[in-house]
Amino acid sequence: MIVTRTLDHYRAELKLIRTNPDIKLGFFPTMGYLHEGHASLISAARNENDYVVVSIFVNPTQFGPDEDFDAYPRNEGNDIQLCAQLGTDIVIIPDVAEMYPLETLTVVSVSKLSDSLCGHYRPGHFDGVTTIVSKLFNLVQPDVAYFGQKDAQQVTIIQRMVKELLFPIKIQICPTIREPDGLAMSSRNIRLKADARQVAPLIYKGLYSAAEKIKGGLRNVSEIIDVAGKVMKQSDKLVVQYIECRDRIRLKPLDVLDQPAILATAVFIDNVRLIDNIFLNPSEASDA
Ligand code: AMP
């Protein structure tokens with residue numbers, strides 16, 4: 001496995017790879033502190049491509065001034081080891097000056113889709129995401145890029161960006177990997193103290209309970225949200241930022257569940273912000 005820290009080094013490797021025009025290159029962008037959720041996406045990329053490239057970059061522009069950029073967990077040694085074990089070909093670990101060589105005057109922004117859900121509470125967050133993902137796409141030049149359903153709004157925005165900006169890249173969405181008690185794996189889970197970790201499974205339990213009611217025929221969205229909220233509020237350590245049900249393409253709020261949708265939530269436990277979501281299909285059961 002090759003570890004690259006500069007754009008020039010990666011580009012030199014890419015030139016060698018692309019001497020064979022039939023090579024299929026899969027790319028998985030991450031912020032590191034890799035866990036089994038990330039591992040599942042690397043494995044998917046490994047199974048479906050000739051070459052697998054993983055990037056590890058904690059992107060400062062997607063964190064607000066009062067957010068946890070400095071506290072975001074990092075462990076480069078473990079990440080490199082895991083990537084190697086899973087058969088990654090190239091890991092890119094650029095520093096901030098490599099990715100942002102000049103004062104940022106150019107921002108990629110997907111309007112409307114970036115304003116709701118997490119975007120409402122984290123202004124500028126998705127502009128940071130779409131800008132860095134565009135830069136990484138330009139650098140890596142993959143055929144397929146892998147994203148987790150865990151960040152459902154992010155992947156919806158990226159899909160839209162790829163279509164509008166004509167990136168010749170297929171976006172592959174992979175399911176959320178969970179702890180045995182249902183908590184979605186996240187790099188931020190390490191920041192939960194023992195008592196916070198104990199209540200964290202209520203997030204998925206709430207979403208799952210709502211999904212069960214939908215299976216039983218519930219279609220009224222405010223009632224669906226109430227079901228999830230009641231479960232999450234079983235602990236006052238868990239503070240709900242939002243629970244919303246929106247259509248999956250335009251992220252428009254729904255009153256009645258009459259089309260494929262997401263039920264998405266963000267909560268704080270102590271001062272750790274966690275997100276989760278499930279896909280809902282009114283015609284079938286949900287995928288919870
Ligand atoms: P991050 O490093 O947290 O920015 O995540 C990098 C990618 O991994 C994103 O596409 C996430 O959606 C995905 N991811 C994070 N956690 C999980 C999980 N528990 N299951 C599946 N994918 C995940």
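We count ligands from 1, going down the list as the structure has it; atoms in each ligand are counted the same way. Keep in mind it's a predicted model, so treat the numbers as computed, not measured.
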Candidate pair Y72 and N59, rule side chain to side chain donor-acceptor pair (under 3.5 Å), full reasoning
CA-CA 10 Å; Y72 197 84; N59 174 38; over 6 Å; no
Ring of Y100, cation from K135 - is the NZ or CZ under 6.0 Å from the centre and inside 45° of the axis? yes
When distances are taken from atom 6 (C) of ligand 1, the protein heavy atom at minimum range is P29 O, 3.6 Å
Point to revise | Under 3.5 Å donor-acceptor, T131 side chain and G128 backbone | key: no
If you scan protein heavy atoms around atom 20 (N) of ligand 1, the nearest is I177 N, 2.8 Å
**OP:** With salt bridge (charged side-chain N to carboxylate O under 4.0 Å, His left out) as the test, would you mind laying out the steps for D68 and R122 before giving the verdict?
**Re:** CA-CA 12 Å; D68 59 350; R122 302 184 70 187; 5.2 Å; no
The answer for which part of C174 has a heavy atom under 4.0 Å from ligand 1 is neither
Quiz item: Checking side chain to side chain contact (heavy atoms under 4.5 Å, CB included) for the pair D89/M1: CA distance, chi angles, key distance, verdict?
Solution: CA-CA 5 Å; D89 295 294; M1 186 176 80; over 6 Å; no
Among non-hydrogen protein atoms, atom 4 (O) of ligand 1 lies closest to M31 CG, 3.6 Å
**Message:** Using modelled atom types and a 3.5 Å cut-off, is there a donor and acceptor pairing between side-chain atoms of T30 and backbone atoms of S55?
**Reply:** yes
Going by the 4.0 angstrom heavy-atom rule, the piece of F57 near ligand 1 is neither
Here the atoms of ligand 1 under 4.0 Å from any heavy atom belonging to T30 are 2 (O), 6 (C)
Judged by heavy atoms only, the candidate from Y146, Y33, F147, Y72 nearest atom 3 (O) of ligand 1 is Y72
task = Return yes or no for this condition: an N or O of H38 is under 3.5 Å from an N or O of ligand 1.
result = yes
Heavy-atom proximity to atom 21 (C) of ligand 1 ranks first, among P175, A184, A44, for P175
Original post:
Is a side-chain donor-acceptor pair under 3.5 Å present for S222 with N220?
Top reply: yes
Any heavy atom of H35 under 4.0 Å from ligand 1? The part involved is side chain
Only one of T130, D127, V129 passes side chain to side chain contact (heavy atoms under 4.5 Å, CB included) with V108, and that residue is T130
Under a 4.5 Å cut-off applied to non-hydrogen side-chain atoms, are E13 and I2 in contact? yes
Closest to atom 23 (C) of ligand 1 among protein heavy atoms sits K150 CB, 4.0 Å
heavy-atom search around atom 11 (C) of ligand 1 in the protein gives D151 OD1, 3.0 Å
Closest to atom 22 (N) of ligand 1 by heavy-atom distance, out of D79, L41, V155, is L41
among protein heavy atoms, the one nearest atom 10 (O) of ligand 1 is G148 N, 2.9 Å
Under 3.5 Å: N/O of Q149 near N/O of ligand 1: no
With the side chain counted from C-beta on, respond yes when H120 and D115 share a heavy-atom pair under 4.5 Å apart, and no when they do not. no
With heavy atoms and a 4.0 Å threshold, my read on which part of F28 contacts ligand 1 is side chain
Checking heavy atoms under 4.0 Å, the part of S186 that sits near ligand 1 is neither
message = Whether R74 engages the ring of F69 as a cation-pi pair (distance to the six-membered ring centre under 6.0 angstrom, angle to the ring normal within 45°) should be assessed.
response = yes
Near T176 (heavy-atom distance under 4.0 Å), the atoms of ligand 1 are 20 (N), 21 (C)
- Task: Look only at interatomic distance and state if M185 has a nitrogen or oxygen under 3.5 Å from any nitrogen or oxygen of ligand 1.
- Result: yes
- Between the main-chain N or O of N49 and the side-chain N or O of D143, is there a donor-acceptor pair closer than 3.5 Å? no
